[in-house]
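Below: one structure, written as structure tokens.
Start at 1 with the first residue, then count along the sequence. All ligand and atom numbering here is 1-based and tracks the order in the structure.
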Amino acid sequence: MCGIVGVVSREEVASRLVDSIARLEYRGYDSCGVATLNSVGLEVRKGVGPVAEVAAREGLKSAHGTFGIAHTRWATHGGVSRENAHPHLSCDGQFAVVHNGIISNHHALRRELLDRGHRFLSETDTEVIAHLIEEIYRQEAPVEEAFVQALRRLEGSFATAMIAAVEPQKILCARDKSPLILGIGDEECFVGSDVNAFLPYTRTAVELDDGEYAVISRDGFSVRAIASREIRKKRAMNIQWSPQSAEKAHYRHYMEKEICEQPDVIRRALQVPQREISELARRMSAAKRNVFVGVGTTYYVALFGQYLLAALAGEFAPALSSDEAGTLGVWDPDTLVLAISQSGETFDTLQALRHAKAGGAQTAAIVNVPGSTMTREAKLVIEQNSGPEICVISTKAAMAQMVLLIRLAAEIARLKGVDRGTASRLAAELEVLPELVQALLASQRVRIRELATRYHGMRSWFFLGRGIYTPVAYESALKMKEVTYLHAEGMAGGFLKHGTLSLIDPQTPCVFLVPNREDRELYDLTMSSMAEVRARAGRVIAFAFDEGNESFDEMVALPETSPWIAPLLHLVGAQLLAYETAVVLGRNVDRPRSLAKSVTVA
Ligand code: AGP
């Protein structure tokens with residue numbers, strides 16, 4: 001949460017700072033600001049609202065200076081106000097700071113600084129950093145020393161960047177339990193919360209580890225340990241994502257673009273080398289116990305993995321929601337934990353991995369964002385290479401993860417000798433999935449838009465499936481509630497009659513994820529849940545392969561495919577329904593209220 005950017009260059013940087021925080025807006029978007037150094041000293045321009053709005057109102061892009069920092073905020077400490085927006089200045093205006101994370105001892109530090117005469121202008125925990133640096137600098141410590149000493153006083157988590165009026169053309173930055181990465185350009189350097197901060201300007205990145213700080217300038221960078229100030233050797237990495245991939249192109253919203261990109265994203269998931277899948281499958285086959293972890297969408301992806309492993313490889317491998325994994329998980333050296341994460345930075349999932357590691361468990365991860373914390377902390381990593389996912393709502397990343405899990409489960413089944421031809425059949429079926437998704441997008445878009453137009457006034461939605469469709473039903477409901485702000489519940493159809501049926505009436509649309517008839521048992525179970533809904537006059541919207549069925553009030557027709565691939569088509573249908581409903585309702589599609597894409601705090 002919160003997006004940090006810093007640029008040091010030969011040219012004016014304000015415009016790039018603003019474009020960069022706009023690209024990081026999925027991390028937070030309640031207020032934003034920039035700080036640059038120019039003839040008037042350190043100049044901070046900031047305000048409440050999304051980046052484009054604040055930039056226009058406060059003239060962010062016309063701030064002068066060839067180096068600077070910027071921030072887009074997701075409020076934790078202190079309400080959404082201009083005063084609480086970052087950057088924050090020290091009393092003497094010599095130091096400007098941006099921060100992501102939570103300084104847990106900020107009350108004590110604030111009291112101490114107030115006693116020493118500092119004046120605070122905001123309610124944030126961040127502001128203590130600027131005053132602390134100023135305080136230490138006043139005692140005649142050089143800027144870098146003051147910065148490091150201040151960092152050593154901080155408890156909690158931080159990614160921070162600072163500029164000082166007395167040391168132009170330098171940015172000092174540091175990380176501890178919050179993400180930060182450097183970008184190395186030609187006679188310019190960048191720092192950002194993730195690689196999207198600088199992707200259009202450089203694809204060479206340097207990862208910072210927890211407990212490290214860096215000094216960046218036009219001439220390059222140096223990294224040291226906060227505790228000892230020892231130099232840390234760093235290797236630059238090349239980011240494979242194309243700079244254009246973060247652009248909205250001709251689409252109305254990133255969510256629309258990312259849904260429509262899925263055929264391509266599936267192809268890229270299929271290009272992940274088989275040796276990587278096989279290595280993970282080998283380790284999982286050898287482990288006594290496998291556990292999936294993820295949270296939000298990735299918990300549902302994890303659950304999808306649980307169903308796959310049970311069905312294809314005959315193995316019980318539970319999926320845990322990362323936020324509860326600390327309580328539920330039993331971690332020991334016989335266990336392998338597979339974490340799933342788009343950002344690779346989600347606090348809950350990182351914590352689950354760390355608990356697992358501490359208990360001696362093996363760790364692995366499927367991650368989208370290169371250079372993210374999880375790619376370094378998990379022992380074995382599969383990078384899904386889905387490209388930047390900008391919309392706060394995850395669509396294409398989840399799709400790629402599900403494709404990878406199908407490949408993984410098929411390989412585990414093969415290694416365990418319980419394959420019965422599934423692996424080769426699935427590989428062939430996955431090959432045609434991109435065309436099927438394309439066909440679905442082309443043929444059902446208008447139909448789904450029409451449903452959204454007719455049903456957007458309904459306040460409460462249910463998404464129902466059986467078997468492997470259950471996690472897809474959960475995920476479909478999450479899409480609907482995140483982007484439309486309507487109540488939506490995903491449920492296994494069988495669960496319905498154990499209480500929730502009391503809510504069904506003509507005002508509750510129930511979206512049924514109907515399997516193909518080939519999947520006879522699941523099909524029949526789904527139809528029996530549907531009968532229960534119809535008996536209570538609930539509206540049935542079926543995503544189905546049937547030609548049509550009198551039990552359906554409405555139908556979205558999916559292109560014919562096999563049982564294991566089919567749920568992915570249902571997912572695309574549900575993503576589109578959520579998207580189109582949000583558009584009809586006039587919601588802030590890419591940045592729904594109160595949400596942030598990368599939840600990096602507890
Ligand atoms: C997805 O639509 C959500 N915004 C959210 O549930 C997300 O999936 C979750 O926070 C996990 O994020 P991650 O994949 O980056 O770890």
Side-chain angles (χ1 to χ4, degrees), residues 1 3 24-29 74 178-179 193-196 253-256 258-259 262 265 292-305 319-325 337-354 364-375 377-378 381-384 386-402 404-405 463 471-472 474-485 488 490 571-572 574-576 578-579 582 587-602:
M1 0 215 33
L24 292 189
E25 249 187 321
Y26 50 75
R27 305 184 71 91
Y29 35 90
W74 191 86
S178 276
S193 295
D194 65 48
V195 295
N196 283 320
H253 302 99
Y254 279 107
M255 183 175 182
E256 180 189 25
E258 287 157 10
I259 291 173
Q262 290 181 114
V265 163
F292 295 97
V293 293
V295 71
T297 288
T298 48
Y299 169 58
Y300 300 140
V301 174
L303 211 52
F304 186 74
L320 302 181
S321 185
S322 324
D323 57 322
E324 288 296 314
V337 179
L338 174 57
I340 299 166
S341 177
Q342 189 286 130
S343 63
E345 300 291 356
T346 302
F347 177 85
D348 290 323
T349 307
L350 279 168
Q351 276 301 91
L353 270 185
R354 288 167 186 159
I366 296 177
V367 180
N368 188 35
V369 178
S372 56
T373 306
M374 225 171 279
T375 61
E377 292 201 8
V381 175
I382 294 186
E383 287 198 19
Q384 59 188 82
S386 307
E389 191 180 64
I390 307 288
C391 177
V392 165
I393 292 148
S394 185
T395 51
K396 65 174 186 175
M399 172 62 73
Q401 289 157 352
M402 287 174 162
L404 288 167
L405 287 176
F463 290 81
V472 179
Y474 293 151
E475 170 59 4
S476 302
L478 183 63
K479 293 305 86 162
M480 186 59 106
K481 61 187 141 191
E482 281 184 296
V483 70
T484 65
Y485 320 154
L571 177 61
V572 176
Q575 293 168 342
L576 273 178
Y579 171 71
R587 300 298 192 234
N588 187 356
V589 171
D590 287 331
R591 296 186 288 276
R593 68 182 182 200
S594 308
L595 302 184
K597 188 160 186 68
S598 182
V599 186
T600 56
V601 293

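- Ion pairing of E389 with K597 is present here, as a side-chain N (NZ or NE/NH1/NH2) and a carboxylate O approach within less than 4.0 Å.
- Taking a cutoff of 4.0 Å between a charged side-chain nitrogen and a carboxylate oxygen, R354 and E377 qualify as a salt bridge.
- Judged by the 6.0 Å and 45° rule, R591 forms no cation-pi pair with Y26.
- Qualifying side-chain hydrogen bond (donor to acceptor under 3.5 Å, both in side chains) partners for Q401, counting only residues two or more places apart in sequence or in other chains: Q384.
- Side-chain contact annotation: S394 with T297, donor-acceptor N/O pair under 3.5 Å absent.
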Are there any N/O pairs under 3.5 Å between ligand 1 and the protein, and if so, what are their distances?
{"from": "ligand 1", "atom 1": "2 (O)", "to": "T297", "atom 2": "OG1", "distance (Å)": "3.4"}
{"from": "ligand 1", "atom 1": "2 (O)", "to": "S394", "atom 2": "N", "distance (Å)": "2.8"}
{"from": "ligand 1", "atom 1": "2 (O)", "to": "K479", "atom 2": "NZ", "distance (Å)": "2.9"}
{"from": "ligand 1", "atom 1": "2 (O)", "to": "E482", "atom 2": "OE1", "distance (Å)": "2.8"}
{"from": "ligand 1", "atom 1": "2 (O)", "to": "E482", "atom 2": "OE2", "distance (Å)": "3.0"}
{"from": "ligand 1", "atom 1": "4 (N)", "to": "V392", "atom 2": "O", "distance (Å)": "3.2"}
{"from": "ligand 1", "atom 1": "4 (N)", "to": "E482", "atom 2": "OE2", "distance (Å)": "2.8"}
{"from": "ligand 1", "atom 1": "6 (O)", "to": "T297", "atom 2": "N", "distance (Å)": "3.2"}
{"from": "ligand 1", "atom 1": "8 (O)", "to": "T297", "atom 2": "N", "distance (Å)": "3.3"}
{"from": "ligand 1", "atom 1": "12 (O)", "to": "T346", "atom 2": "OG1", "distance (Å)": "3.3"}
{"from": "ligand 1", "atom 1": "14 (O)", "to": "Q342", "atom 2": "N", "distance (Å)": "2.7"}
{"from": "ligand 1", "atom 1": "15 (O)", "to": "S343", "atom 2": "N", "distance (Å)": "2.9"}
{"from": "ligand 1", "atom 1": "15 (O)", "to": "S343", "atom 2": "OG", "distance (Å)": "2.6"}
{"from": "ligand 1", "atom 1": "15 (O)", "to": "T346", "atom 2": "OG1", "distance (Å)": "3.3"}
{"from": "ligand 1", "atom 1": "16 (O)", "to": "S341", "atom 2": "OG", "distance (Å)": "2.6"}
{"from": "ligand 1", "atom 1": "16 (O)", "to": "T346", "atom 2": "OG1", "distance (Å)": "2.4"}

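- Proximity of a side-chain donor or acceptor of E258 to a complementary backbone N or O of I390 within less than 3.5 Å is detected.
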